[in-house]
There are 2 protein chains.
Amino acid sequence: MANKTQTTAHATQPPVDNGNCDLPRNTLSLFGTDSHMGATIYFDQNSEIYGENEPADYVYKVLSGTVRTYKVLNDGRRQVGAFYLPGDVFGLEIGDEHTFSAEAITDSSILVVKRSAVIAQAARDNGVARELWAATARELRRTQDHLLLLIKNAQERVAAFLLEMADRSQAGGAIELPMSRQDIADYLGLTIETVSRTLTHFETAAAIELPRSRRIVLRNRSVLNKLNA
Amino acid sequence: MANKTQTTAHATQPPVDNGNCDLPRNTLSLFGTDSHMGATIYFDQNSEIYGENEPADYVYKVLSGTVRTYKVLNDGRRQVGAFYLPGDVFGLEIGDEHTFSAEAITDSSILVVKRSAVIAQAARDNGVARELWAATARELRRTQDHLLLLIKNAQERVAAFLLEMADRSQAGGAIELPMSRQDIADYLGLTIETVSRTLTHFETAAAIELPRSRRIVLRNRSVLNKLNA
DNA sequence: CGACCATTTGATATGGATCAAGCGATGTGG
DNA sequence: CCACATCGCTTGATCCATATCAAATGGTCG
């Protein structure tokens, strides 16, 4: 794990409240009920979980909070690779180093498991091996979808983002966004201004409501779906 | 395999000449020396190897020729997912269906192996299981790199493409492109006009030479590398 | 209350798309 | 063997979506 991490993370006891951490998606049985393999670590908002090019010695699962992975290009621009919500696994690499950095977007509790332990388990149990493969394949699928997003126009990208978040946080209609406009912009390959304008446009078109900047109510999904098609 | 494929492909004897098919990259031992597991099939230029959403019953390895995978969006635009050169494995999915379509860019000979055979082998031999995982992880890495390309400007995208092709075809300085400008444009998320203009610009800047439209000589890599950083 | 930061809104600039025409290689039929 | 059609590529002119630059607004915390 990153050096920087140690300075900001609080390695304390497992959380009392980790309510919505049993989503079916992106879960490894390795992280299942018998979690004696890993430790729960708390990360403060904006603290680094690991950095690009650091050794990938651990695999992570979000118990609560939200995580972003990202890469900073030579010209200083940042590309967010993914957002990880409770239940999601991230940081699983086959190479020895992380290809993206990871940070907690909000205060987060993260289950951390030694990668070597996971791989050793996979060597013994080919069900585990298959799950490891499946998790990587899911990540591949997600990345392909993300790639397809980046060739669309601004409205289509933002609509897709809203629908994705609504779906993943399964909060029927209303989304509480943990991430900033900058995070969204860097995920969608747009500027914050364009994201903001597009949201305003959707609000004007009565497709969404924006009671607060981080709270979005989907009013007319078919409008968004049409853009998403 | 696709129905359409049967009409265009020639299932004939293995090729006499499959010179450069033993690249270290993206190879599965499953496709190694004892290839009794698979059959070699010939595909004519522009013939379909498989279609999006078709059952992913086979895994493929390019012996000679070049393959493109792609997806057509609802608005008719096409995104090329990848180009596969001799030695490359493609079509490996964890779901039951292909997420992209695949076509031969030039007349190609392709080694085809039943997916179920590969998976059965993986269940017995965890070295094979690990390779299966590694192949998917490599594909993930490639897709991540491709995604990062799409947020760059036109010059950077074209430079990256040229360097990638030069590297992969290891033809020291001169590249013989098997794909059209349209293929390149659809891979890079640009139009053919922009690709063409950018190449002309690189030629004017003495970074490349264009003796023929499909032949590109890299004259000054550092210029291209600077853009690629 | 006032400072600060995130977000929105406004005005302008620009890179690449679009529309349109020209060019060069390849192949075909007279 | 040469006109001519065709196709892939290049070049030119213009337009437009989104970036950029700049300022206003609003929510949060001391």
Side-chain angles (χ1 to χ4, degrees), chain A residues 44-46 66 68 73 75-80 105-107 149-162 175-205 208-217 227, chain B residues 45-46 66 68 73 75-80 105-106 149-162 175-205 208-217 227:
Chain A
D44 289 343
Q45 182 168 37
N46 292 323
T66 307
R68 66 179 163 247
L73 306 184
D75 63 357
R77 277 187 313 148
R78 185 184 69 157
Q79 176 63 40
V80 169
I105 287 181
T106 59
D107 293 355
L149 246 198
L150 296 185
I151 63 166
K152 298 186 178 180
N153 69 29
Q155 287 195 23
E156 292 170 331
R157 295 187 210 188
V158 174
F161 171 76
L162 292 176
I175 328 168
E176 201 69 44
L177 295 176
M179 71 288 286
S180 69
R181 292 288 185 269
Q182 190 63 61
D183 287 331
I184 299 171
D186 290 349
Y187 177 71
L188 297 178
L190 300 169
T191 59
I192 47 173
E193 291 96 330
T194 298
V195 170
S196 181
R197 275 187 248 272
T198 305
L199 288 172
T200 307
H201 174 253
F202 284 156
E203 192 183 25
T204 309
I208 64 170
E209 276 173 52
L210 278 162
R212 283 179 296 111
S213 70
R214 301 287 184 102
R215 183 175 182 81
I216 300 185
V217 183
L227 287 166
Chain B
Q45 180 168 40
N46 292 322
T66 309
R68 65 177 164 248
L73 305 184
D75 64 356
R77 276 185 314 147
R78 183 183 71 155
Q79 176 64 39
V80 169
I105 287 182
T106 60
L149 246 198
L150 295 185
I151 63 167
K152 299 187 177 179
N153 69 28
Q155 288 196 21
E156 291 169 332
R157 294 188 211 190
V158 174
F161 171 76
L162 292 176
I175 328 169
E176 201 69 44
L177 295 176
M179 70 289 284
S180 69
R181 293 289 186 268
Q182 190 62 63
D183 287 331
I184 300 171
D186 291 348
Y187 177 71
L188 298 178
L190 300 169
T191 58
I192 47 171
E193 292 95 331
T194 298
V195 171
S196 182
R197 274 187 249 273
T198 304
L199 288 172
T200 305
H201 174 254
F202 285 157
E203 194 183 24
T204 308
I208 65 170
E209 276 174 51
L210 279 161
R212 283 179 295 111
S213 69
R214 300 287 183 101
R215 183 176 183 80
I216 300 184
V217 182
L227 287 165

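Just so it is clear, the model here is predicted, and its values are computed rather than measured. Below, read A as the first sequence line, B as the second, and so on, with proteins coming before strands; counting in each chain starts at 1.
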* Check if the side chain of A:R214 and the base of D:dG27 share a donor-acceptor pair of N or O atoms closer than 3.5 Å. => no

Nearest listed nucleotide, side chain of [X], among [options]:
X	options	value
B:T200	D:dA22, C:dG16, D:dT10	D:dT10
A:R197	C:dT9, D:dT18, D:dT10	C:dT9
A:E193	D:dA22, D:dT18, C:dC19	D:dA22

Taking [X] for its side chain and [Y] for its backbone only, find out whether a donor-acceptor pair lies under 3.5 Å.
X	Y	answer
A:R77	B:I151	yes
B:T66	B:T106	no
B:E209	B:I216	no

* Is any side-chain heavy atom of A:L199 closer than 4.5 Å to a side-chain heavy atom of A:S196? -> no

* Side chain to side chain, A:T198 and A:F161, heavy atoms closer than 4.5 Å -> no

* salt bridge (Lys or Arg N to Asp or Glu O under 4.0 Å), paired with B:D186, selected from B:R157, B:R68, B:R78 -> B:R78

Ignoring backbone atoms, establish whether [X] has a side-chain N or O less than 4.0 Å from OP1 or OP2 of [N].
X	N	result
A:T191	D:dA19	yes
A:T194	D:dT18	no
B:S196	D:dC9	no

* Structure fact -> Computed from five pairs at either end and rounded to 10 degrees, the angle between the axes of the helix from C:dC1-D:dG30 to C:dG30-D:dC1 is 20°

* What nucleic acid atoms does A:L190 come within less than 4.0 Å of, heavy atoms only: base, sugar-phosphate, or nothing? ->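 Answer is sugar-phosphate: A:L190 comes under 4.0 Å of backbone atoms only.
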
* Asked: Taking atom P of D:dA19 as reference, at what distance in whole Å does atom NZ of B:K152 sit?
  ->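 For the pair B:K152 NZ and D:dA19 P, the rounded distance is 18 Å.
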
* Mind calculating the distance between NE2 (A:H201) and P (C:dT8) to the nearest angstrom? => 15 Å

